[in-house]
Amino acid sequence: MPSDVAVHVSIIIKHSLSFVLSLYEWLITSLLRDMAQRENRLPANLTSQPFAGRLGGNQEFILDPKNSENVPTLKRVPDASPFISLREIFNLRGFCERDLWKSAVIEGIGTLLLVWSTGFIAAHSSSAPPPVLSPTSGFYSTPIFLGPLTGGITNMILLCLFIYALGPVTGSHLNP
Amino acid sequence: MITMSTFTARLTSFPRMVLYVTFQTAGGAIAGLLLRVSFGSRNFLTGGCSVDTTLVPTGDIFALEFMADFMLLFLAFGIGLDPRQRDTFGPALGHS
């Protein structure tokens, strides 16, 4: 009798194990299928404006002027190619381009934020009496030195972040 | 500075340069006004941006600014705009 019970138990265990295994297999295959589908979906409509003078090397985000498909775009934005003639550089049609104005406004906003943050961190009062210089470190321990020092250190971090943020949009020229 | 240098390097068209420089200057000016509001008064100085010409001669300041800008452009053209840096700084500069 006990051996009969043991056989039953082993059969039940075997069946449940195979059930768990098949469940696991199904999970893995469906996950893999999902991943494959997601990979196919990934290159969505992420468009970056072609512009030779942008951050990231002037060969990556350019259009070939010899390709006839690019002619309309290059007529609109001549600096999408690194080989521009002087006539095209000074072509004033660009002032009518909405995309150029958008980029310029974003560039202005980025400069605004960068100048404000760094300026505010580095600023010190000019109406306060001049600080007493320390006998050992001179003016290096006064706000005249420490303000710009802090501003410079935070500027290193902020400027990098702003460059990364604006790079795909305007090319990150960012000069106050 | 970078906008004008890329213009002289024939990487930026004239309208783009004018628009960018205009809006960068406008952004800087508005930031200055906001700074004045946030600081509460006009009586503040930002070291490095304001130099007392009675203490430092103009020639010295010009040399200083020239060297700083030269360094900026040297690094910008060497790192940000050089196509040969694709493999070295690729992911950081937006390549795939």
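Convention: sequence-line order gives letters A, B, ...; per-chain numbering from 1. We use all heavy atoms of the structure for the numbers below, so side chains are in, but hydrogens, waters and symmetry mates are not.
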**Message:** On a heavy-atom basis, which atom in A/G119 and which in B/L35 lie closest, and how many Å separate them?
**Reply:** C-CD1, 3.8 Å
**Request:** Mind listing the closest non-hydrogen atom pair of B/F23 and A/A104 along with its distance?
**Result:** CB-O, 3.1 Å
Validation: residues 140-149 of chain A side-chain donor-acceptor distances under 3.5 Å, sequence neighbours left out:
{"unit_1": "A/S141", "atom_1": "OG", "unit_2": "A/S137", "atom_2": "OG", "d": "3.4"}
{"unit_1": "A/S141", "atom_1": "OG", "unit_2": "A/G138", "atom_2": "O", "d": "3.4"}
{"unit_1": "A/T142", "atom_1": "OG1", "unit_2": "A/F139", "atom_2": "O", "d": "2.6"}

**Message:** With heavy-atom distances below 4.5 Å as the criterion, would you say the side chains of A/W116 and B/S38 are in contact?
**Reply:** yes
**Request:** Name the option with the most non-hydrogen atom pairs under 4.5 Å to chain A; the candidates are B/L34, B/L33, B/I30, B/L72.
**Result:** B/L34
**Asked** For the residue pair B/F39 and A/A123, what are the closest heavy atoms and their distance?
**Response** CE1-CB, 3.9 Å
**Item:** Shortest non-hydrogen contact between A/L100 and B/P15, atoms and distance
**Value:** CD1-CB, 4.3 Å
**Request:** For residues 149-160 of chain A, pull every pair meeting side-chain hydrogen bond (donor to acceptor under 3.5 Å, both in side chains), keeping only residues two or more places apart or in separate chains.
**Result:** A/T118-A/N155
**Asked** When clusters are formed by joining ILVMFWY residues with side-chain heavy atoms under 4.5 Å apart, either directly or through shared neighbours, do A/F162 and A/L112 land in the same one?
**Response** yes
**Prompt:** Is it the backbone or the side chain of B/V18 that comes under 4.5 Å from a heavy atom of chain A, or both, or neither?
**Reply:** side chain
**Asked** What part of A/I109 lies closer than 4.5 angstrom to a heavy atom of chain B: side chain, backbone, both or neither?
**Response** neither
